[in-house]
Every structure is written in structure tokens, then in C-alpha cells.
J.: 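Handing you a structure now.
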Amino acid sequence: MNVEETVKAFKAYLGKIKMYREAMSTLSFDGETVAPIGSTKSRAKRAGFFSLEVFNLTTSDEMKAYLDALAPHVDTFDDVLKGEYRLAKKSYEDKTKIPADIVREMGELQEEAAAIWGQARAENDFDKFAPYLKRLIELKKKVIEYRGETSKKPYDLLLDDYEDGMNMEVYDAFFNQLKEAIVPLLKKIKDSNKKIDTRFVHEKVGLEAQKAISKQIATQIGYDLDRGYIAESTHPFCNGSNKYDVRITTRYDEADFFSSFYSVMHECGHAIYEQNISDDIAHQIVGSGASMGIHESQSRFYENILGRSLTFWEVMYAELQTLLPETFDDVTAHQFYEAVNEVKASFIRVEADELTYNLHIIIRYEIERLLFNEDIDVYDLPAIWNQKYEDYLGITPSTNAEGVLQDIHWSFGAFGYFPTYALGSAYAAQIAAHMKKDLDVEALIKAQDFAAIKNWLGEKIHQYGKTYTPNELMKKSFGETFNADYYVNYLTDKYSNLYELTS
Ligand code: ZN
């Protein structure tokens, strides 16, 4: 085969992998929403079959032959093909270095540990989960050894797995900058006399009305329901097999209207990203969001930067009054804005406000760093966790269930994942600052012209999918890589105004 023919065969081969992934994605959505409980075992068997197929295709001799044959020609490829090659090569190398029995052991341990974690959290019993956590960390360290990238520290390798190009050096600088800004800001907020009225946020809103509002707001901000669907699940998520089928979920609670409202805004951010990837790459492996951090930047943009802004509430207020007559009669637009931005130190990460949320992430990052770089004993975790909550948030969890056991991530071996949440918020602020240079964002929100905002994001971020690494994408679209200054300025300005702080 000449190069042209090899490229054609390589593309077709990757296209096959993508098709399997698309099928798996839709099956997984089915499993998490409407699949009957009795089908659990048979679905697990089916999922196992597809995972093995994809694993075999990704690590086959045929794949190696393509990668070797094309290696000398990568420089001549267009950007999309370069991206495809980069992803296929990374996945081949990562997966072939680790012996099959270790992969299987990890899979089984994750499955078991996640189930035990659920019980341990329900029973508030950290010691029950601790031996599993210990084994997960040991096994993860073994996997890192097999990968043989000795020039990188173990935790650096994990951070890079979840966000290409990230490491402790960048995160340390980012988190130190955040801490220096947030900790004193929080203290000022605590000492301020500003009182925020939040009594109305738990006002009852009927489920049918909430569903109607979800659809309306989703459509308004640019989620295309012809290529989307809003379902219900315990934990909201977004699932896209390709840009033509991107579904989201939320959960409804009569006494917590804002919870579903903001879940929908958040998941719509993810969905709008996937829906606006270029048609040309829809069925290619580059045809989904660039990275965890960039994906989260889109959800946080819609949820927080747009959805928790004063201008947005000035517009939404009238809509909401029409949609929910009498419910919020005595509440003003400004009260809405204040209530959805109230800052309050709390134990649970997923319920935290925009400002303290980062401290929850920093605590997890610092603990993961200790686990992988300093070999600390997992049995010391509850004490370390509680001390850090006291140091950063001034509160101590009274149980491990609302402390060290609250998140599911570690139970499935996801170490190095948490920092991408904070990174996403910071990317969102950086992207929004650039948006303001090109668009009169305030005026567009006032005119409810959310399409202009979506189109701009589509042009700068969405269309490319995974063609570029996060750093390449930021550089290409904004001329600079990650910069935390934008986020620190955004938080400082927003909360100084909201709490009427004088500097
Ligand atoms: Zn998200």
C-alpha cells in the first residue's frame, strides 16, 4: 500500500472503533436511565463484550502496522489526521504496556470498590472502604510502573491522563494563586454585614412546571432538542454518541427548583459543545470534546458565568414570573441573583457555591498528591481531610460520610480527576474574557440572543473536537495557553460587588 491507501485504511479502521464507542455510549445511557433492573447482568455481559472488542481493535497488530507505516509521514498530515494519529498512538501505547492480568485485576477491583464505597458511605464506616482504597492505590502505582515513564512523577502522570499537558507544577501555581485570593476574600465575606435572603429558594415548584422550564431554558440557550433529549437520573450527566444524538439528564425535586434548573444549564453546556462539533469529524475519533477541563469550561460557562450573572437574572426574571405565576411574586430579580450566588462554607463539594467550590478541589488535590508522592497511610485520611476542612473552610465534618467518603471518584480509581473541575471553571473565565473582546455579551443576553454566544463558542472551541490538545486549542483560538489570572479576577470582582466589600 502507498501512503494514501494506508491513510484511507487507517481512517476506516478508526471509524470502526468510533462506531463501537457510539453504540456503547447509547447502551450506557439506556442503562443509567430506563433499562429494567432485571437486565443488569445481561447488560454487563454485553458491555464487557464491546469493551473487549474496542480493546482488541485499539491494541491489535493491525493498529501497530498502521502507526509504524504512517509515523514518517505525520508532518504531512492535515490537523484532523494528525489528531487522529495522536489519539490512536497514545491509546495503543498506554494499553499495550500493561499486562492483561493487571488490567483485569484493576477492572474487578474498581467494580468491587465502588460497591463497597456505597455501603461504607451509607454506614459512615471508613474502615470498611480503607482496605480497598489501599489496594487501588497500590495497583495504580504498579500500573504507573509498567508504563515506564520514569521521567515523570507518578501523580504527574495521572494528572496528564485526565488533562493532556497538565502537571503538578501548573496546578500548584494555579491553586496557590487561587488560595491567596479566595481565603482572604472568604474572610471578608464572613465579616461583612451583607445579608442574603435565600428563604424563597426552597419554594415548592411542581414537577411538570420544572420539566417545562427545563425544556424551555435548554432550547433558549441553544441546546437542539431535535438532536437531544432530557431524561431523569439520580446524578445528572451528559451522554453523546455523536453530534447528532447528545442527551442529558437531570433530577427534579419539588422543594429544590434551582437544583434542576442549574443541572440543566450545566449539562446543556456539555451538550451544546458536543452538538456543535464540525460535521466533517462527527464519526471520527476526534469527534468529541477536547478534554475534561475544556469540556467542563463549557458547562461552567453556561451554568455560572452566564446562568449566575446579574444580567441573566434580569432577563430570566420576567420569564420565570410568567411561567410560575404567584410562586416568586414577592422576590425581585436582584434577590434571585444574590440567592443563587450566596457564599457559604459547607461540607459537600457538589452543593458548594462558585467560590468555596475551589477549596473543596484543592483539598482533594493536596490529598492525592500526598497519597502518590509521599506514601501516606490511607487510614490517616479522615484526620487529614478534617484538618484541611478546618484550615481552609473553618468547618469540621462531623461524620466521614460528609467528609472523606462523600465522592465516588476514588472508588473507581479516578485519581487526578478532581483538579479538572477547577481547571474547567478557570478556563471558562478565560474564554469569557476573550468573548467580551469580540461580542457585547451583556447586550446579547439582554436581547436573549444566546445563538450569537453559542456560535462564537462553536467557532473558537466546539467545532474542533479533539483535533487539538487543550494547550494547542487555547493557543490557536486565543493566542495563549491556560492563565488563571482571568478566573481570580472574575471571582474577586463578582464577590466583592455582591457582598459590597471595600478593598
Ligand atoms: Zn460537568
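Counting starts at 1 for both ligands and their atoms, following the listed order. Numbering of residues begins at 1 and proceeds along the displayed sequence.
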J.: May I ask you to check if any N/O/S atom from His295 comes under 2.8 Å of the Zn ion (ligand 1)?
T.: no

J.: Say whether Glu368 and Tyr155, considering side chains only, have a donor N or O and an acceptor N or O under 3.5 Å apart.
T.: yes

J.: So that I can tick it off, tell me whether Glu354 and Arg300 are bridged by a salt bridge, with the cut-off set at under 4.0 angstrom between side-chain N and carboxylate O.
T.: no

J.: So what does the Glu296 OE1 - the Zn ion (ligand 1) - His270 NE2 angle come to, to 10°?
T.: 90°

J.: Would a 4.5 Å heavy-atom cut-off, applied to side chains only, mark Trp410 and Phe418 as touching?
T.: yes

J.: Can a salt bridge be assigned to the pair Lys344 and Asp353 using a cut-off of 4.0 Å between side-chain N and carboxylate O?
T.: no

J.: Quick check: of its N, O or S atoms, which one does His266 have closest to the Zn ion (ligand 1)?
T.: NE2

